[in-house]
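Contents: one structure, followed by commentary.
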Amino acid sequence: MPTEESTEQAQHDDQAAPPKGGVFRALAHEDFRFLLVGNLTTQIGQWVQQIAKGWLVFQLTGSPLQLGVVAFFHGAGMLVFSPIGGSLADRFDRRKVLLVSQFLMMCMAMLVAFLVLTGVVEVWQLYITAFFSSGLIAINNPTRQALVYNLVGREDLPNAIALNSVTGNSTRIIGPALGGVLISTIGIDGAFFFQAGGYVVAMMTLVKIRSAPPVIENSRTSFKESLITGVRYARRDRTIGVLILTGMVAAVFAWPFLQLMPAYTSDVLNVGERSYGFLMGAVGVGSLVGSLVVVAASGTRRKGRMLLAALLANGVLLMLLGLSSVLSLSVVILLALGFANAIHMATNQTLIQLNVEDQYRGRVLSLHFVGFGLQPIGGLPAGAVAEVWGIQAGIFFLGALLFFFIGMISLRTRRIAAM
């Protein structure tokens, strides 16, 4: 096992050295190109799902609180299944784990589509499908991230992560805008059918991957033992631990505003579904620009400072969004929010991937992904605040708490700022 000093020295070396071979170096790996295409179609499908499901819930109930309740079940699925997904990624062929989870995700999308198409959909059904759909995402996404290392190796890993970030954030533009168009043209059921089709394309790309990632952990080890070992590793490695903590705080307070956007669009800005897709697309444009900045700054030292600055800015921007009721101003704020979110997410994942040992990669990435399951901790009370005092108060509430907790972390530890 490496000592803390050697780990920190390797961490310093990785951050100090700019990537070699150009911006697109990782694309020289054919299997990584297949994975990247699969990531693109999968994430577009997930964004279309988020847009369609949020609009469907608000149509059925007209309640901001119900948006938070559905998000609660979504987060609960991630909390339950993320640790399982991490263990699967370290115990079995990661390609096969992806194929099975991708097939089941397609089935869930088809189920919701048929419920809407036949006119029998009720909000309680969306609680159940949100739980299991998010559980499958919690297995699929960390496994995809862990597979990147197997396909490109450590030398090209930073470049591959950066390209993955650019691809993922481009879907924040394509997915929400496409979701709004699909809802207004072929309906909510058509949007879910489209999502299922994207998952089929992703499965086709996985079949083309020829590299055989090694099975890291003996599958005869119990799941319980595997999970405990992964958690102990994250607790023992203080660098990994503080990065996971920061990611969890960000997930709890930076992202739940998205759950309130259908109500914010309809009740505060007084616009329809096309504008809803446009507003969410503005977040995507900002995210794409932010991820490109991360690529350009890949050789910069002190990435931790950039991470903290982006999170503090995120808190301020959420408070400003909570004060805005003008469409043009809200678009500008959402662009900036997307920019700050992309920087903190890409930087956080890069630091984790560069510092984790491969035998724990799946489980550590699943712990990182658990943060997304914690979103309802911020989203549910924010929905309750919105129900009582209004949508704008709920969004302002999230921003104030994010700024406070990231400020406290900045004051109590210098470990992140030193990265």
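Along the sequence shown, residues are numbered consecutively beginning with 1.
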For Phe253, the option from Phe405, Phe396, Phe397 that meets ring pair (Phe, Tyr, Trp, His ring centres under 6.0 Å):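 Going through the options one by one, the only one that passes is Phe405.
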
Stepwise side chain to side chain contact (heavy atoms under 4.5 Å, CB included) check, Leu337 with Asn314: CA-CA 6 Å; Leu337 270 171; Asn314 206 310; 3.1 Å; yes

Reported [atom1]-to-[atom2] distance for the pair [X] and [Y], which is rounded to 0.5 angstrom:
| X | Y | atom1 | atom2 | value |
| --- | --- | --- | --- | --- |
| Thr167 | Leu36 | OG1 | CG | 3.5 Å |
| Arg95 | Gln102 | CZ | CD | 15.0 Å |
| Gln145 | Asn140 | CD | CG | 10.0 Å |
| Leu40 | Leu35 | CG | CG | 11.5 Å |
| Ile395 | Leu317 | CD1 | CG | 12.5 Å |
| Leu260 | Thr265 | CG | OG1 | 10.5 Å |

Residue pair Leu147, Asn150: steps toward the side chain to side chain contact (heavy atoms under 4.5 Å, CB included) verdict: CA-CA 5 Å; Leu147 185 59; Asn150 300 123; 4.0 Å; yes

Verdict with reasoning, His29 to Leu151, per side chain to side chain contact (heavy atoms under 4.5 Å, CB included): CA-CA 7 Å; His29 301 271; Leu151 300 184; 5.6 Å; no

Full working for side chain to side chain contact (heavy atoms under 4.5 Å, CB included) between Ile137 and Gln49: CA-CA 12 Å; Ile137 292 171; Gln49 178 194 49; 4.1 Å; yes

At their closest point, which heavy atom of [X] faces which heavy atom of [Y], and how far apart are they?
| X | Y | answer |
| --- | --- | --- |
| Lys53 | Phe192 | N-CZ, 4.0 Å |
| Ile188 | Ile183 | CG1-CG2, 4.1 Å |
| Gly362 | Ala89 | CA-CB, 4.0 Å |
| Leu318 | Ala254 | CD1-O, 4.0 Å |
| Leu311 | Ala250 | CD2-CB, 3.5 Å |
| Met248 | Leu367 | CE-O, 3.6 Å |

If you define the side chain from C-beta out and look only at heavy atoms, does anything of [X] sit under 4.5 Å from [Y]?
| X | Y | result |
| --- | --- | --- |
| Met108 | Met105 | no |
| Val283 | Ser287 | yes |
| Ser101 | Thr143 | no |
| Asn164 | Val148 | yes |
| Tyr264 | Ser324 | yes |
| Val364 | Ile240 | yes |
| Leu334 | Met261 | yes |
| Phe73 | Leu126 | no |

Cation over ring face, Arg363 and Tyr233, 6.0 Å, 45°: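 Judged by the rule, Arg363 and Tyr233 form no cation-pi pair.
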
Counting only N and O atoms by type, is there a donor-acceptor contact under 3.5 Å from the side chain of [X] to the main-chain atoms of [Y]?
| X | Y | value |
| --- | --- | --- |
| Asn348 | Leu243 | yes |
| Ser87 | Ile84 | no |
| Arg33 | Leu27 | yes |
| Thr347 | His344 | no |

Chi angles and distances behind the side chain to side chain donor-acceptor pair (under 3.5 Å) call for Ser82, Ser366: CA-CA 5 Å; Ser82 283; Ser366 72; over 6 Å; no

Over 12 non-hydrogen atoms of neighbours within 6.0 angstrom of CZ in Phe403: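 Result for CZ/Phe403: open.
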
Arg144: partners by salt bridge (charged side-chain N to carboxylate O under 4.0 Å, His left out), with sequence neighbours left out: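 Applying salt bridge (charged side-chain N to carboxylate O under 4.0 Å, His left out) to Arg144 gives none.
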
Test ring pair (Phe, Tyr, Trp, His ring centres under 6.0 Å) applied to Phe131 - qualifying residues, sequence neighbours left out: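 Ring pair (Phe, Tyr, Trp, His ring centres under 6.0 Å) check on Phe131 returns Phe81.
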
Ring centroid separation Phe114 to Phe193 under 6.0 Å: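 Under 6.0 Å, so yes.
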
All pairs passing side-chain hydrogen bond (donor to acceptor under 3.5 Å, both in side chains) where residues 126-135 contributes a residue, at least two apart: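 Sorted pair list: Gln66-Tyr127.
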
